[in-house]
Amino acid sequence: MIDTVELTKKLVGVESVTPARGAVFDALELALTPLGFAVERFICGEAPDGPVENLIAIRGEGERHFAFAGHLDVVPGGEGWTGGAFTPEIRGDLLFGRGTVDMKGAIAAFVAAVARTPVNGTISLLITGDEEGPAIFGTRAIIDRLNQRGLRPDLCLVGEPTSVARLGDTIKIGRRGSVNFWITVPGHSGHVAYPHLTDNPAPKLARALAEIDAIILDSGTEWFQPSNIEITELATHGGSVNVIPGSAATRLSIRFNALHQGADLVERIRTVILRHAPEAEITARISGEAFLTQPGTLSDLVSGAIEAKLGITPELSTSGGTSDARFLVALCPVIEFGLLNATMHKLDEAVALRDLHALTDVYAEIIARAFA
């Protein structure tokens with residue numbers, strides 16, 4: 001048997017700021033090997049977005065294949081913790097440390113659940129060291145490796161912290177897509193008293209942004225909130241109040257629902273920008289497409305396990321940011337369910353000890369139902 005709290009402490013005690021590799025994967029492998037898992041670890045990518053370590057652990061045989069996915073990398077600890085960000089500490093009923101919630105606690109809970117639950121089929125853990133970062137060499141590389149080996153799960157549970165007010169009140173059946181833009185409009189700087197000798201890029205960019213800000217992409221769907229375009233940065237490079245800037249730059253972020261494709265949104269924004277500033281330099285990165293796992297077999301399985309162990313019926317949600325589920329849907333239906341998200345990425349991130357044990361119980365019930 002594996003104690004969920006103790007395994008969480010071991011994982012949290014290893015600093016693993018994204019992109020993570022090495023010791024934190026050693027700690028997880030040490031827990032998995034005695035349980036009969038065949039563990040494969042591999043490193044992908046180079047700086048600046050790598051190298052990244054990934055882990056695929058598989059146990060059992062049979063047509064039924066249930067996967068659990070997650071990440072061992074965390075955001076930086078930051079300054080101002082009551083204790084140490086990477087020194088797990090129990091104070092009262094809480095375990096403090098970076099990653100307790102997002103999402104080393106869920107990984108520990110799943111490992112502990114597997115340790116005590118008979119499985120008649122194949123069960124796997126798909127764990128990356130790069131979810132909090134660019135996610136270029138993480139879960140996408142795991143999917144490539146699975147495809148090379150001819151392995152495809154039937155169902156996948158991602159242990160992201162989805163609960164809001166109490167454990168089990170929310171599961172994610174989808175996520176909005178994300179696309180970000182970096183836009184620079186060049187000009188010719190000069191003294192404001194001699195505008196005829198300059199080319200001011202700021203008005204061009206301002207007109208483009210006004211048009212973009214007026215765009216209403218949609219009014220939402222049954223499962224998704226309305227898509228939104230946000231201006232996240234705006235700057236000119238003049239250096240003085242009496243100098244017309246030599247360039248103007250902005251950053252945009254779009255979170256979009258399943259009514260849109262990232263490439264179409266990129267082209268729409270590009271068209272607006274170039275109409276007002278034909279010389280603009282535009283870089284766009286699609287972080288992920290929107291996806292939806294239609295309510296049905298998998299959501300019923302997870303909801304039923306939560307109801308059986310926690311006595312509540314979870315809300316089916318698509319709210320929040322992106323997660324690696326956006327990649328995993330290429331393999332099979334995906335649901336996200338994990339701990340309370342109130343303290344993730346914050347100073348003094350902490351999880352209730354009772355929630356770690358309760359999550360283990362629910363995961364064990366999910367595993368049992370998946371192979372029933």
Side-chain angles (χ1 to χ4, degrees), residues 17-19 46-50 73-80 130-136 175-218 225-257 260-290 320-323 326 344-347:
V17 174
T18 192
E46 300 177 351
D49 297 327
D73 63 310
V74 298
V75 297
E79 299 295 328
D130 179 24
E131 192 271 349
E132 300 290 4
I136 294 173
R175 295 275 188 160
R176 293 196 296 170
S178 173
V179 58
N180 297 300
F181 295 83
W182 292 260
I183 300 163
T184 300
V185 178
H188 298 295
S189 63
H191 199 290
V192 296
Y194 301 92
H196 58 288
L197 300 178
T198 69
D199 179 15
N200 193 337
K204 302 175 188 178
L205 182 57
R207 288 190 291 269
L209 290 179
E211 182 175 342
I212 290 170
D213 188 56
I215 293 174
I216 298 175
L217 290 173
D218 57 72
Q225 67 191 83
S227 305
N228 60 302
I229 307 173
E230 302 300 332
I231 301 168
T232 58
E233 184 176 299
L234 184 60
T236 58
H237 302 90
S240 178
V241 69
N242 61 353
V243 176
I244 288 175
S247 66
T250 190
R251 293 176 63 178
L252 306 177
S253 183
I254 303 178
R255 296 300 171 97
F256 58 94
N257 59 40
H260 306 276
Q261 293 290 318
D264 296 335
L265 293 171
V266 169
E267 186 57 32
R268 185 170 181 178
I269 296 300
R270 186 187 300 275
T271 298
V272 173
I273 293 292
L274 294 180
R275 181 163 57 248
H276 294 278
E279 68 280 17
E281 301 170 1
I282 304 169
T283 299
R285 173 179 287 183
I286 301 171
S287 301
E289 300 288 350
T322 59
S323 76
R326 69 191 190 272
M344 66 177 182
H345 293 197
K346 294 184 179 181
L347 297 179

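Side chains included, hydrogens not; waters and symmetry mates left out as well; all remaining heavy atoms used.
- Judged as a side-chain contact (heavy atoms from CB on, under 4.5 Å), and not counting sequence neighbours, the contacts of Asn257 are Asp218, Thr221, Phe224, Ser227, Leu259, His260.
- The side chain to side chain donor-acceptor pair (under 3.5 Å) test applied to Glu46 returns no partner, not counting sequence neighbours.
- Residues forming a salt bridge (Lys or Arg N to Asp or Glu O under 4.0 Å) with Arg275 (at least two apart in sequence, or on another chain): Glu211.
- Every residue two or more places apart in sequence or in another chain that forms a side chain to side chain donor-acceptor pair (under 3.5 Å) with Arg255 is listed here: Ser178.
- When the side chain to side chain donor-acceptor pair (under 3.5 Å) test is applied to Glu289, no partner is found at least two apart in sequence or on another chain.
- Residues satisfying the side chain to side chain donor-acceptor pair (under 3.5 Å) criterion with Ser323, sequence neighbours excluded, are Glu336.
- Among residues two or more places apart in sequence or in another chain, the side-chain contact (heavy atoms from CB on, under 4.5 Å) test is passed with Pro195 by Thr198, Ile244.
- When the salt bridge (Lys or Arg N to Asp or Glu O under 4.0 Å) test is applied to Asp199, the partners found at least two apart in sequence or on another chain are Lys204.
- Applying the side-chain contact (heavy atoms from CB on, under 4.5 Å) criterion to Thr250, with sequence neighbours excluded, gives Ile183, Leu205, Leu209, Ile231, Leu234, Leu252.
- With sequence neighbours left out, the salt bridge (Lys or Arg N to Asp or Glu O under 4.0 Å) criterion links Glu233 to Arg251.
- Pairs passing the salt bridge (Lys or Arg N to Asp or Glu O under 4.0 Å) check and including a residue from residues 179-191, sequence neighbours excluded, do not occur.
- Here the CD-CG distance, from Glu132 to Asp73, works out to 5.5 Å after rounding to the nearest 0.5 Å.
- A search for side-chain contact (heavy atoms from CB on, under 4.5 Å) contacts involving Glu267 returns Arg270, Thr271, not counting sequence neighbours.
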